[in-house]
Structures are given as structure tokens and as C-alpha cells.
> 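The following block contains the structure, expressed as C-alpha cells.
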Amino acid sequence: MKVKLNRGFYQDPDVVSCAKALVGKVLCTNVGGQYTSGIITETEAYSGSNDKASHANNGKRTKRNESMYLAGGHAYVYLCYGIHHLFNVVTAPKDQADAVLIRAIEPLEGLEIMLNRRNQKELKKDLFKGPGKVSQALGISLKEDRKDLQGESIWIEDRNINVTDDALKVSARIGIGYAGEDALLPWRFEL
DNA sequence: AAACCGATTAACT
DNA sequence: GTTAATCGGTTTC
């Protein structure tokens, strides 16, 4: 059974619980006429308010992070280190600026296409583990920024994959050492 | 107008 | 374990 997540799912005011809930869901893209999908296996929560690691910390609002202020259920894509596109799911009601970073997937459909995009010939370990790799595999670029996840080019489905709390590994977020105490928050979730 | 830098990755030693 | 690659956005002058 495939069910596209509806607007209500993304309106959860608690970005941490939403990040948890997204693990085990299926991220699908239809970019350049090519359909690909994968099971989300790792996420991180970023809270718009009171989280030094977030681009929207302390109500910061710039051209880059503008899409974080959209209603939950939109995409926030930005360029990191001048090289990698990082894909986030905006959550919570409009203007709360919460977002969940998708850090890893397990390929499901369109494996050949995803391997091609990654310049790989065969499936190897860790090929789709890492936020930059996820975006590359699924064809996500800055063009997908601000996109509505209810649309036809990028969306998330519930396929009844059961993820128990026990199966989830919880840890501190990656690459945000500059965030002081907030770098220690256990807001990273992986299978 | 120029400097500074990052929610990373791949290719090294 | 270390480090180069690379560039739009943000900050600073």
C-alpha cells in the first residue's frame, strides 16, 4: 500500500518527533522524466527557534533559508561547501521554520538511474549514505528548493514499513560543531 | 566590493 | 587520518 504523506503529516509542531516519523518512509522523485525512490534511513531535526545549528536560528531569515518559513510539506534545498545539495523537509506550521535533513536512503526503485547519477556501476555499501549523496542519487538540486511535496516531482510515501523506537539509533547531529551546546542534542535518527 | 565559510565527499597518505 | 575541491550566501569593510 502506497500513501503519499498529506499536508497534515508535515504540520507536526514537534520537529524532533517528525524527524523520527520520517525514518522508514519512502522518498520519491520524478526529475528529468526519471522516477526514483528510496527508503529514508537517516534524518536530523533542525528547530527554527532556539537551535544554534539551524539556518533559521533566532528568527534569522535570508534569501537562502526563505523556504524554511513555508508551511510544513515543502522542500528546503541549499548548496553546502559549494558542491553538495542538501535536501530538507520543512515541517510544522508556516513561519515556524523547522526542518528535517534527509541524510541517507536505501535505494528502492530506479536503482540504475541512481547509480548513473552517482557515477557508479554497482551497488556498494554507503553509496547512498550521506546527505550530498542522497540528493545526487535522487536528482535533487536547487531547482527543487521551495517545491511543494504534494506535487508531482518530489514527494514522500508511507508504505507501511514498520519502524519501532527500539530499532532507531539516536545520536548527536553531524558537522555542526559550531552550534555550541546545541551540537550535543540527540536529534539524529538512523535505522 | 571583497572576504569568509560551510548540516560534505572523495581521494589521498 | 588528512585534505583539496568549490561556490552561493552572508558578513564585513
Side-chain angles (χ1 to χ4, degrees), chain A residues 10 14-23 25 27 29 36 38 40-70 72 74-92 96-107 114-147 149 154 156 168-191:
Chain A
Y10 300 106
D14 180 356
V15 66
V16 175
S17 83
C18 214
K20 255 195 226 178
L22 279 168
V23 177
K25 298 296 188 289
L27 177 57
T29 62
T36 50
I40 297 169
T41 57
E42 183 180 348
T43 64
E44 281 177 5
Y46 287 84
S47 169
S49 56
N50 209 18
D51 172 11
K52 292 195 192 66
S54 170
H55 291 162
N57 181 45
N58 203 21
K60 187 165 150 179
R61 191 166 190 151
T62 65
K63 196 169 183 183
R64 175 177 63 162
N65 72 11
E66 181 62 30
S67 38
M68 294 183 80
Y69 289 85
L70 295 169
H74 287 81
Y76 171 42
V77 182
Y78 72 96
L79 184 65
C80 185
Y81 294 105
I83 305 169
H84 308 290
H85 298 290
L86 272 56
F87 169 71
N88 298 253
V89 178
V90 177
T91 71
Q96 194 163 323
D98 287 351
V100 175
L101 172 66
I102 307 302
R103 290 192 59 88
I105 62 167
E106 183 179 304
M114 292 196 276
L115 286 174
N116 273 337
R117 285 180 179 145
R118 295 268 303 117
N119 296 316
Q120 301 290 326
K121 287 244 175 269
E122 56 188 71
L123 184 57
K124 286 179 245 163
K125 200 173 177 247
D126 297 344
L127 225 47
F128 303 105
K129 194 176 158 193
K133 299 178 188 177
V134 169
S135 299
Q136 191 182 20
L138 293 172
I140 298 170
S141 70
L142 289 180
K143 286 203 288 288
E144 275 63 49
D145 187 37
R146 302 185 65 85
K147 283 238 167 118
L149 300 183
I154 180 165
I156 301 176
L168 270 186
K169 199 161 91 188
V170 180
S171 58
R173 294 172 292 177
I174 300 294
I176 50 153
Y178 57 83
E181 306 179 339
D182 291 341
L184 303 175
L185 292 169
W187 285 2
R188 177 184 182 212
F189 305 97
E190 57 189 316
L191 281 179

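Computation of the quantities below employed the complete heavy-atom set of this structure, encompassing side-chain atoms and omitting hydrogens, waters and symmetry-equivalent molecules. These numbers come from a predicted model, not from an experiment. A, B, ... follow the sequence lines: proteins, then strands. Residue 1 opens every chain.
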> For residues 116-144 of chain A, pull every pair meeting salt bridge (charged side-chain N to carboxylate O under 4.0 Å, His left out), keeping only residues two or more places apart or in separate chains.
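Qualifying pairs, neighbours excluded: E144(A)-K147(A).
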> Holding to side chain to side chain donor-acceptor pair (under 3.5 Å), I want the full list of residues that pass it with R61(A), two or more places apart in sequence or in another chain.
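E66(A).
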> With sequence neighbours left out, write down each residue that passes ring pair (Phe, Tyr, Trp, His ring centres under 6.0 Å) with Y69(A), or none if nothing qualifies.
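Residues passing ring pair (Phe, Tyr, Trp, His ring centres under 6.0 Å) with Y69(A): none at all.
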> Report the residues that fulfil side chain to side chain donor-acceptor pair (under 3.5 Å) with Y76(A), sequence neighbours left out, ordered by chain and then residue number.
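Testing Y76(A) for side chain to side chain donor-acceptor pair (under 3.5 Å), a comparison that skips the adjacent residues, returns H55(A).
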> Once you round it to whole Å, what is the distance between C1' of dT8(B) and CD1 of I140(A)?
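About 16 Å, once rounded to whole Å.
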> Using the side chain to side chain donor-acceptor pair (under 3.5 Å) criterion, which residues pair with D51(A)? Sequence neighbours excluded.
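With sequence neighbours excluded, D51(A) shows a side chain to side chain donor-acceptor pair (under 3.5 Å) to R173(A), given in chain and number order.
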> OP1 or OP2 of dT8(B) versus the side-chain N and O atoms of R103(A): is any pair under 4.0 Å?
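So the side-chain polar atoms of R103(A) do come within 4.0 Å of the phosphate oxygens OP1 or OP2 of dT8(B), strictly under.
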> At a cut-off of 3.5 Å, list every protein nitrogen or oxygen paired with a nitrogen or oxygen from nucleotides 11-13 of chain B, distance to 0.1 Å.
none

> Quick test: give all pairs of protein nitrogen or oxygen and nucleotides 2-9 of chain C nitrogen or oxygen below 3.5 Å, distance rounded to 0.1 Å.
{"from": "dT6(C)", "atom 1": "O2", "to": "Y81(A)", "atom 2": "O", "distance (Å)": "2.5"}
{"from": "dC7(C)", "atom 1": "O4'", "to": "G82(A)", "atom 2": "O", "distance (Å)": "3.4"}

> Taking 4.0 Å as the cut-off, does a side-chain nitrogen or oxygen of K129(A) come that near to OP1 or OP2 on dA10(B)?
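For K129(A), the contact criterion (side-chain N or O under 4.0 Å from OP1 or OP2 of dA10(B)) is not met.
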> Expected output is a numbered-order residue list: members of residues 171-179 of chain A with a heavy atom under 4.0 Å from any atom of DNA chain B. What is it?
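Residues of residues 171-179 of chain A under 4.0 Å from DNA chain B: I174(A), G175(A), I176(A), Y178(A).
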> Enumerate, in order of first residue number, the stems that involve DNA chain C, defined as 3 or more consecutive Watson-Crick or G-U wobble pairs with both distances under 3.5 Å.
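In DNA chain C, stems of three or more pairs: B:1-6 with C:7-12, B:8-12 with C:1-5.
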> For N88(A), which residues count as a side chain to side chain donor-acceptor pair (under 3.5 Å) partner, sequence neighbours excluded?
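For N88(A) there are no side chain to side chain donor-acceptor pair (under 3.5 Å) partners, ignoring immediate neighbours.
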> Run the salt bridge (Lys or Arg N to Asp or Glu O under 4.0 Å) test against K20(A) and tell me which residues pass, sequence neighbours left out.
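Testing K20(A) for salt bridge (Lys or Arg N to Asp or Glu O under 4.0 Å), a comparison that skips the adjacent residues, returns D165(A).
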> Just to verify, what does D145(A) make a salt bridge (Lys or Arg N to Asp or Glu O under 4.0 Å) with, not counting sequence neighbours?
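Checked D145(A) against salt bridge (Lys or Arg N to Asp or Glu O under 4.0 Å); zero matches.
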